[in-house]
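To start, the structure under review is shown below, and the notes come after it.
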Amino acid sequence: MPDEVIVQYCAPVLTGLKTANLFSFPFEDSAGMIKDLRQLNQELNHSLQAIPLGKKKDRTLIYMYRPDSLRDDLSRKDAREILEPLGYETNQMEQCLIRLQERLADEKEFPHEIGLFLGYPPADVRGFMEHRPCSYCGVWQVFSQVEQAIACFEVYRRCTHACILQLEHGVPLSHLAALKKRNGE
């Protein structure tokens with residue numbers, strides 16, 4: 001899997017600005033996918049994880065996330081109130097990921113709660129689930145705190161641009177992922 005693909009879709013995750021992201025990639029076979037993901041996880045020193053969430057036709061849905069951030073996000077009261085009625089055991093992150101995989105396999109569309117696994121604000125996830133009219137549409141549909149969301153989207157855009165430039169200048173993914181630590185977070 002090319003580093004360019006990972007940076008294009010996951011730069012804010014690599015640098016610690018965002019909990020997680022999803023992207024699909026056409027792996028030729030399952031063994032190659034497992035090998036690529038294992039190598040990627042080792043390169044990123046396990047500060048991030050990339051796992052397959054499902055497969056549609058010839059593409060695999062890859063979920064790249066920061067385990068510590070995801071654990072924090074899922075433990076929030078407003079996130080638990082959304083997830084627990086849907087069968088998620090919010091005190092067990094790994095079980096939540098398994099449940100998400102099950103829901104992805106069962107549903108024709110993405111389950112709406114997936115936004116919580118991507119670090120979206122629970123109020124916006126709830127607004128989406130309730131089919132309310134959104135106030136702004138960017139990385140996600142925004143139902144509250146519009147100005148903060150717009151500023152966040154711009155930070156993500158600039159981060160992606162900067163990471164692409166760094167990658168073009170030979171900076172490896174492991175260094176981009178280490179930016180969070182170097183920035184003191």
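Quick caveat: nothing in here was measured; it's all calculated off a predicted structure.
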Hydrogens and angles aside, do [X] and [Y] bring a side-chain donor and acceptor to less than 3.5 Å of each other?
X    : Y   : answer
S174 : E43 : no
E89  : Q92 : yes
N91  : S75 : no

[X] side-chain N/O to [Y] backbone N/O, donor-acceptor pair under 3.5 Å:
X    : Y    : result
R126 : A79  : no
N21  : Y9   : yes
N45  : S47  : no
Q141 : V125 : no
H161 : R157 : no

State, to 0.1 Å, how close [X] and [Y] come at their nearest heavy-atom pair, and which atoms those are.
X    : Y    : answer
A177 : R66  : O-NH2, 3.2 Å
V139 : K18  : CG1-CE, 4.4 Å
S144 : A123 : OG-CB, 3.6 Å
L40  : A50  : CD2-CB, 3.7 Å
L37  : M1   : CD2-CE, 3.6 Å
A20  : V13  : C-CG2, 3.3 Å

Please say yes or no: joined through hydrophobic side-chain contacts below 4.5 Å, possibly via intermediate residues, are [X] and [Y] part of one cluster?
X    : Y    : value
L165 : L176 : no
L104 : M129 : yes
Y156 : Y65  : yes
F143 : I150 : no
L83  : I98  : no

Practice task
Hey, can you tell me if W140 and F153 have their rings parallel, tilted or perpendicular (30° and 60° cut-offs)?
Solution key: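 Ring orientation of W140 relative to F153: perpendicular.
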Practice task
Quick one: sort the F117 and Y63 rings into parallel, tilted or perpendicular, breaks at 30° and 60°.
Solution key: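 Judged by the thresholds at 30° and 60°, the geometry between F117 and Y63 is perpendicular.
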[X] side chain near [Y] side chain, heavy-atom distance below 4.5 Å:
X    : Y    : answer
P121 : Q145 : no
I6   : I62  : no
V142 : F128 : no
L44  : M64  : yes
D73  : L118 : no
F110 : R103 : no
L100 : P111 : yes

Exercise for the section: Evaluate whether atom CD of E28 has more than 12 neighbouring non-hydrogen atoms of other residues, nucleotides or ligands under 6.0 angstrom away. Expected result: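 Counting other residues, nucleotides and ligands, CD of E28 stays at 12 neighbours or fewer.
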Exercise for the section: Verify the neighbour count for atom CZ of R38: are there more than 12 heavy atoms of other residues, nucleotides or ligands below 6.0 Å? Expected result: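 No - once you tally the heavy atoms of other residues, nucleotides and ligands closer than 6.0 Å, there are 12 at most.
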From [X] atom [atom1] to [Y] atom [atom2], the distance as rounded to the nearest 0.5 Å:
X   : Y    : atom1 : atom2 : value
R99 : Q101 : CZ    : CD    : 12.0 Å
Q39 : K35  : CD    : NZ    : 6.5 Å
L53 : L61  : CG    : CG    : 5.0 Å
R80 : L74  : CZ    : CG    : 10.5 Å
M33 : T60  : CE    : OG1   : 5.0 Å
L70 : L48  : CG    : CG    : 11.5 Å

Handout entry: Full working for side chain to side chain contact (heavy atoms under 4.5 Å, CB included) between T15 and C163
Key = CA-CA 9 Å; T15 60; C163 286; 3.6 Å; yes
Handout entry: Salt-bridge present (R71, D68; N to O < 4.0 Å)
Key =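 Yes.
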Exercise for the section: Test side-chain hydrogen bond (donor to acceptor under 3.5 Å, both in side chains) on Q95 and Y88 and set out the steps. Expected result: CA-CA 7 Å; Q95 291 299 322; Y88 289 90; over 6 Å; no
Exercise for the section: Measure centre to centre between the rings of F25 and F23, then say whether the value is under 6.0 Å. Expected result: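 No.
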Handout entry: Worked verdict on T19 versus D72 for side chain to side chain contact (heavy atoms under 4.5 Å, CB included)
Key = CA-CA 9 Å; T19 296; D72 290 346; over 6 Å; no
